[in-house]
Amino acid sequence: SPGLVPRVDLADLRVAVSTGGTREPIDPVRYLGNRSSGRQGAALALDAAGRGAEVTLVAAHVDDGVLTEASTHPRVQIVRVSTAAELEAAMTDAAATADVVAMVAAVADYRVAAVSHTKLRKEDGVPRLELTTNPDILAGLVAARRPGQTIVGFAAETADSDAELADRGRRKAQRKGVDLLVVNRVGWESGFESPDNRVLILDAAGDAVGEASGTKRAVATAVWDAVAALRAPH
Ligand code: CTP
Ligand code: CA
């Protein structure tokens, strides 16, 4: 039956996906981090590989077990990183040969300007952490875009309503220069550790071209459907 035939509509595509949260060191034992679990990026990598793509999954810090399935998939290569600077180097490298790039990672916008090489101690008083801006990795990838390369960004936004979410998404899509921006709503209770997700898929102009909810794998399928539709000859 047709339902049992695997779809290989991404065969011959090279895909680079980033996932997880970066950690920016404060001192040898502390860091600035975020709540990203890495699940959505891992689901994207697995779905693409299942559809025939060759995938490089650049994984920053992820929850336990999130990379287990990807690590045994013959078409997924995992590159582990920690900081935004390491993620930038690995994604720049992977993007140089990729047909599709998806920046799912939660990249720290700031890092500590002067990392202490000894542990900060209470006796030294309350530390005043000076921060400096990390490079916008996605912006760099967009600037270096290869001919025919499709670039997908992700944005987790807090918003009081679906209308505010769509509005924030539209403005970010237009600002980022990506081909697709996948927007989801996050809050104290939703978005990160959860196995489920609900997203809006926007095109470069910020118009909705897809919507998905359910498991992160179902969301991944919708994202690759949107990528395939965008890349289809018309
Ligand atoms: N991103 C990136 N490098 C950064 C920050 C973000 O590549 N230093 C990428 C993320 O991986 C994501 C996209 O940019 O694909 C949007 O991230 P987001 O945090 O929503 O956008 P920012 O431009 O950082 O805006 P803000 O955090 O102020 O909403
Ligand atoms: Ca940000």
Side-chain angles (χ1 to χ4, degrees), residues 5-20 38-60 67 69-81 86-107 135-155 172-183 199-210 212 216-234:
V5 178
R7 284 203 298 169
V8 288
D9 60 341
L10 304 181
D12 305 327
L13 279 194
R14 297 184 65 86
V15 166
V17 179
S18 70
T19 199
R39 281 196 182 84
Q40 186 60 73
L44 263 121
L46 280 171
D47 200 67
R51 289 161 73 157
E54 283 293 334
V55 182
T56 300
L57 178 59
V58 175
L67 298 177
E69 204 181 334
S71 67
T72 60
H73 196 292
R75 279 190 302 280
V76 180
Q77 193 207 337
I78 298 177
V79 179
R80 297 305 307 263
V81 297
E86 290 168 10
L87 196 143
E88 180 179 41
M91 279 305 281
T92 302
D93 191 50
T97 56
D99 302 293
V100 184
V101 177
M103 274 294 297
V104 194
V107 181
D136 187 329
I137 301 167
L138 184 59
L141 296 171
V142 167
R145 187 198 319 245
R146 309 166 66 213
Q149 189 176 59
T150 304
I151 302 184
V152 185
F154 277 69
K172 192 168 278 187
Q174 291 170 352
R175 191 165 71 232
K176 289 282 175 184
V178 292
D179 300 294
L180 293 171
L181 185 72
V182 182
V183 187
V199 304
L200 210 53
I201 305 172
L202 309 178
D203 64 13
D207 293 323
V209 293
K216 289 188 174 175
R217 190 62 183 261
V219 167
T221 298
V223 171
W224 290 121
D225 286 349
V227 169
L230 201 66
R231 296 181 62 88
H234 31 230

TODO: Show the numbers, then the answer: is there a side chain to side chain contact (heavy atoms under 4.5 Å, CB included) between Leu10 and Val15?
DONE: CA-CA 9 Å; Leu10 304 181; Val15 166; 5.6 Å; no

TODO: Apply the test side chain to side chain contact (heavy atoms under 4.5 Å, CB included) to residues Val209 and Leu230: give CA-CA distance (whole Å), side-chain angles for both, the deciding distance (0.1 Å), then the verdict.
DONE: CA-CA 10 Å; Val209 293; Leu230 201 66; over 6 Å; no

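Contact between Val76 and Ala49 at its shortest, heavy atoms only, is CG2-CB, 3.6 Å. For the pair Leu57 and Gly41, the tightest heavy-atom approach, listed with the atom from each and the gap, is CD1-O, 3.9 Å. For the residue pair Ala60 and Gly20, the shortest heavy atom distance occurs at CB-C, 4.1 Å. Across all their heavy atoms, Asp203 and Ala173 have their closest contact at O-CB, 3.6 Å. In terms of heavy atoms, Ser18 sits closest to Leu87 at CB-CD2, 4.1 Å.
The stretch residues 94-107 participates, sequence neighbours left out, in no salt bridge (charged side-chain N to carboxylate O under 4.0 Å, His left out) pair at all. Residue pairs meeting the salt bridge (charged side-chain N to carboxylate O under 4.0 Å, His left out) criterion with at least one member in residues 46-55, sequence neighbours excluded, are Asp9-Arg51, Asp47-Arg51, Asp47-Arg217, Arg51-Asp225.
Counting only distance, with no hydrogens or angles, the side chain of Arg14 and the backbone of Thr56 share no donor-acceptor pair below 3.5 Å. Checking side-chain atoms of Thr19 against main-chain N and O of Ala105 turns up no donor-acceptor pair under 3.5 Å. Between the side chain of Glu88 and the backbone N or O of Ile137 there is no donor-acceptor pair closer than 3.5 Å. A donor-acceptor pair under 3.5 Å is formed between the side chain of Gln149 and the backbone N or O of Ala95.
Paired with Met103 under the rule side-chain contact (heavy atoms from CB on, under 4.5 Å), one option of Val58, Leu138, Val152 passes, and it is Leu138.
For the atom pair Arg39 CZ and Leu67 CG, the distance stands at 10.5 Å (nearest 0.5 Å). Here Ile151 contributes atom CD1 and Leu181 contributes atom CG; the two are 12.5 Å apart, rounded to the nearest 0.5 Å. With rounding to the nearest 0.5 Å, the separation of CZ in Phe154 from NZ in Lys176 is 14.0 Å. Put simply, CG on Leu141 and OG1 on Thr92 are 5.5 Å apart, with the number rounded to the nearest 0.5 Å. With rounding to the nearest 0.5 Å, the separation of CG in Asp207 from CD1 in Ile201 is 13.5 Å.
For Gln174, the CD atom counts as densely surrounded, since its 6.0 Å shell holds more than 12 non-hydrogen atoms of other residues, nucleotides or ligands.
Residues passing the side-chain hydrogen bond (donor to acceptor under 3.5 Å, both in side chains) test with Asp179, sequence neighbours excluded: Arg145.
You'll find the side chain of His73 stays beyond 4.5 Å of the side chain of Val55, heavy atoms only. Two residues are said to be in side-chain contact when any heavy atoms from C-beta on lie closer than 4.5 Å; Leu44 and Val223 meet this criterion.
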